[in-house]
Protein chains: 2
Amino acid sequence: MRRMTARPANAHQARLLQLLRDGGPNSRAQLGDQVDLSRSKLAVEVDRLLETGLVVADGLAASRGGRRSHNIRLNPGLRFLGVDIGATSVDVAVTNAELEILGHINQPMDVREGPVAVFEQVLSMAAKLRASGLAEGFDGAGIGVPGPVRFPEGVPVAPPIMPGWDGFPVREALSQELGCPVMVDNDVNLMALGEQHAGVARTVHDFLVVKIGTGIGCGIVVGGDVYRGTTGSAGDIGHIQAVPDGRPCACGNRGCLEAHFSGAALARDATEAAQQGRSAELAGRLEANGGLSAADVAAAAAAGDATALDLIREGGRSTGQVIAGLVSFFNPGLVVIGGGVTGLGHNLLAAIRTQVYRQSLPLATGNLPIVLGELGPTAGVIGAARLISDHLFSPA
Amino acid sequence: MRRMTARPANAHQARLLQLLRDGGPNSRAQLGDQVDLSRSKLAVEVDRLLETGLVVADGLAASRGGRRSHNIRLNPGLRFLGVDIGATSVDVAVTNAELEILGHINQPMDVREGPVAVFEQVLSMAAKLRASGLAEGFDGAGIGVPGPVRFPEGVPVAPPIMPGWDGFPVREALSQELGCPVMVDNDVNLMALGEQHAGVARTVHDFLVVKIGTGIGCGIVVGGDVYRGTTGSAGDIGHIQAVPDGRPCACGNRGCLEAHFSGAALARDATEAAQQGRSAELAGRLEANGGLSAADVAAAAAAGDATALDLIREGGRSTGQVIAGLVSFFNPGLVVIGGGVTGLGHNLLAAIRTQVYRQSLPLATGNLPIVLGELGPTAGVIGAARLISDHLFSPA
DNA sequence: CGTCTTTGTCCTCTCAGTGGAGAAAGTCGG
DNA sequence: CCGACTTTCTCCACTGAGAGGACAAAGACG
């Protein structure tokens, strides 16, 4: 099919598209209830959207006691590509215009191989999804990278864990290859967008999403919008000091949160514990797998290993320490914990909660839920699709 | 004079009023350049504003090579009252509609005496200003209190240092007494508004204002707007842990920033040092005044006293430690240091800068100015006037 | 004194948007 | 099967915001 070229011509049309995206098919009358426009004006705008092909009218809905209504919905042929580049793996997904995932692939990868190699892999994954009949092409793509991004241009800036990407024109390059509009953002921000769109943060306007994966980052949502900071590095909490004079960190300081707790730090500490004979359980896993990951620690803790549990608790304490400060400062309405380490589950969550509720003032914590993300590994790709759809469903 | 009753009827009028407030008198043509309206439409809206009396046309400006323009300005009779309630003193000021201070009084006071006593004092100060001929009445008032505020209602909530104020309807009570609209906010937020309006933060959209007075608080401005958090306690950084297992704090925890550095903490530490014979300079001042304040420490440091300097440096280090975390998280474009302790001046600033620049990542600090506030004790009252004027100069 | 520039006013035209009348297409009770 | 009532959608006349051009007013300047 020919790809989407049209964009909403005005704010009304943009609003209608967003309503159809978030609420599914609707009749003109239902749309009118949500949009504060007269029926006549609404009909005009809907007709224009129908002309552009962005939305279609397919069939009649069941009667609700009167004339049956026409179903207006977003063009079911629209396809968005969501890409979530992590430190050690990539997620690529195809969604329809309602941001429902139609297909999703995850593959291991190493960002440090640089943008060219990674893009090759991403494009081949996208091609595979296309070949499986899910899409004939893409109307837009969102992509998340594990580092700060100059958002308007879609270019990574000074990313610590992916040095080869500094200044690489991700947006432009990918847009060329895919032949569609592309938006780029930090992976944590996309996770926040995902949880806001379809996860635990649907009804909250000001919240934080703490992503604990290979590193640690924080997505900040203010008044429903992602806040990216002056240079795009807002939420970079991995190098906040969690333990004074603590472990040395790659950044040159000591005691950074990331040096004490993250996927990488946890694996390191678990290996150390195994080698020092502090945990038979972990030692056994180390023997069997030739290495340890956060998942091993989670499994060991689930099997009742005290050392593994301690590692998780200690990490949760450090994380909670930092989050407590952020809660005092930012006074969010919700804190979401996500990322690969979420497999550690409720042990981790409990440790974080204890620390935050103890350290922050009651006014800030009184009604503050601290919860695990709801979408798991799909948060990023859904957020990516949401990012590009927000862009395309706004006035040109 | 009769007080202002009218409000702008639409967004255009509101915008015009704000332009006149921030840019002083303007001709219709000059306004047209800033407002993206046709001259005809602009003329209509200006005429309507003239009818309401909110603005006046007084005289002709000098010619700039053609027909002379009419000067359009905000009604010079408009008066706003700005009130800044601190822990130990009150500032009350009268401004015109351009938020220029026409008169300013500062008096010592103790918030803990409760809202009734404090209001009596504030009202008598306002009466004194009125009696001196600066105002015949007030068109609006802004008031800042040293604690969290439920902003929409203008009611303090659970304020630690002013327990008697919890739930007291400040906005309503003051509005009754003064007979004009009133807005209430946290004192730190008002300081941020003040520095944004007339101080160092005029051109920045995302910045932090750290106020170090009797306590410590932080004003957060996102996209030009003050961010207040979910329950109005955003920026409450006094109880973030600055020193693990540090000094006990009134809040029940240990090592809170406020327990280590603030006007009160500094006075306490200086007294201790004087009594232990660690500083002859401070001991002399203690003898002379019967007590020590932050100003004494500043004077001692200026006189070359090493102990006083150490106290300031150590405090700056703790503060910088916390600010470094906030900078990593929030990635502001500017950090402003203000409040009573600013008398400590560049010694304090240097200590804070050192710590922040060392602990935060280069991307966040690379282009980050950390400066002292420009307005000193007038920041709060200017911010208060700005608060109410923003309210009144927005569509009804 | 005529020309040029700037400022402000007036008038007409366009177009977004409203609200009401009514057509189309149902349900439901008798 | 028919009439009364509902709901959905369309059509049309009217309103008001706003644009843009013509023109008047008022000064500068050679």
Side-chain angles (χ1 to χ4, degrees), chain A residues 6-20 23-52 54-74 393-396, chain B residues 6-20 23-74 394-396:
Chain A
R7 289 275 290 278
N10 58 40
H12 296 314
Q13 293 185 14
R15 175 106 178 84
L16 290 172
L17 291 175
Q18 286 167 20
L19 282 173
L20 291 170
N26 266 278
S27 68
R28 288 179 175 82
Q30 286 171 317
L31 289 172
D33 291 343
Q34 302 171 68
V35 94
D36 196 40
L37 274 180
S38 64
R39 276 164 319 189
S40 15
K41 178 59 180 166
L42 180 97
V44 170
E45 297 299 352
V46 169
D47 284 346
R48 289 185 188 158
L49 285 174
L50 286 168
E51 274 172 36
T52 66
L54 282 170
V55 306
V56 298
D58 64 337
L60 297 171
S63 165
R64 300 191 309 171
R67 176 174 170 178
R68 293 169 65 191
S69 59
H70 294 267
N71 257 336
I72 308 292
R73 65 169 58 193
L74 290 171
F393 291 175
S394 65
Chain B
R7 289 275 291 278
N10 58 41
H12 296 312
Q13 294 186 13
R15 175 104 178 86
L16 290 171
L17 291 174
Q18 286 167 21
L19 283 173
L20 291 170
N26 267 279
S27 69
R28 288 178 175 82
Q30 287 171 316
L31 289 173
D33 291 342
Q34 302 171 69
V35 94
D36 195 41
L37 275 180
S38 65
R39 274 169 319 185
S40 24
K41 178 58 180 166
L42 181 97
V44 170
E45 297 300 350
V46 169
D47 285 346
R48 288 186 190 159
L49 285 174
L50 286 168
E51 274 173 35
T52 65
L54 281 170
V55 306
V56 298
D58 63 339
L60 297 170
S63 165
R64 300 190 310 170
R67 174 173 170 178
R68 293 169 65 192
S69 59
H70 294 265
N71 257 336
I72 308 291
R73 65 169 57 193
L74 289 171
S394 65

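Small disclaimer: the values here were computed from a predicted structure and weren't measured. The chains referred to below are lettered A, B, ... by the order of the sequence lines, with proteins before strands, and numbering in each begins at 1.
Two residues, A/D36 and B/S27, neighbour DNA chain C, and the one matched to the more 5' nucleotide by heavy-atom proximity is B/S27.
Residues forming a side-chain contact (heavy atoms from CB on, under 4.5 Å) with B/A61 (at least two apart in sequence, or on another chain): B/S69, B/N71. Under the rule for a side-chain contact (heavy atoms from CB on, under 4.5 Å), the partners of A/A57 that lie at least two apart in sequence or sit in another chain are A/L50, A/I72. For the side chain to side chain donor-acceptor pair (under 3.5 Å) test, no residue two or more places apart in sequence or in another chain qualifies with A/S394. Taking B/A14 as the reference, B/P8, B/P395 meet the side-chain contact (heavy atoms from CB on, under 4.5 Å) condition, with sequence neighbours excluded. Listed by chain and number, the residues in a side chain to side chain donor-acceptor pair (under 3.5 Å) with B/R15 amount to none (sequence neighbours excluded).
At C/dG17, one or more side-chain N or O atoms of A/H12 fall inside 4.0 Å of OP1 or OP2 (strictly under the cut-off). Here B/R64 reaches the OP1 or OP2 of C/dT7: one of its side-chain N or O atoms lies under 4.0 Å away.
Of the residues in residues 38-46 of chain B, those lying under 4.0 Å from DNA chain C by heavy-atom distance are B/R39, B/S40.
Between A/H70 atom NE2 and D/dT7 atom P the separation is 17 Å, expressed in whole Å. For the pair A/L37 CG and D/dC9 P, the interatomic distance rounds to 15 Å; values are reported in whole Å. Regarding B/I72, its CD1 atom lies at a distance of 13 Å from the P atom of C/dT7, rounded to whole Å. Atom CZ in B/R68 sits roughly 12 Å away from atom C1' in C/dT7 (whole-Å rounding). Rounded to whole Å, the distance from CZ on B/R48 to C1' on D/dG18 is 11 Å. Atom C1' of nucleotide C/dT9 and atom CZ of B/R28 are separated by 9 Å, given to the nearest angstrom. Rounded to whole Å, the distance from CD on A/Q30 to P on D/dT6 is 20 Å. Protein atom CG of A/N26 is 16 Å distant from nucleotide atom C1' of D/dC9, rounded to whole Å.
The shortest side-chain heavy-atom distance between A/L31 and A/L37 does not fall under the 4.5 Å cut-off.
In this model, a side-chain donor or acceptor of A/R67 finds a partner on the base of D/dT8 within 3.5 Å.
Using a distance-only test at 3.5 Å, with no hydrogens or angles considered, no donor-acceptor pair links the side chain of A/Q13 to the main chain of A/L49.
Among residue pairs with one or both ends in residues 26-39 of chain A, those qualifying as salt bridge (Lys or Arg N to Asp or Glu O under 4.0 Å) are A/R28-A/D47; sequence neighbours excluded. Note on residues 48-65 of chain B: pairs passing salt bridge (Lys or Arg N to Asp or Glu O under 4.0 Å), not counting sequence neighbours, are B/E45-B/R48, B/D58-B/R73.
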For nucleotides 28-30 of chain C, which of its nitrogen or oxygen atoms have a protein nitrogen or oxygen under 3.5 Å away, and what is each distance?
none

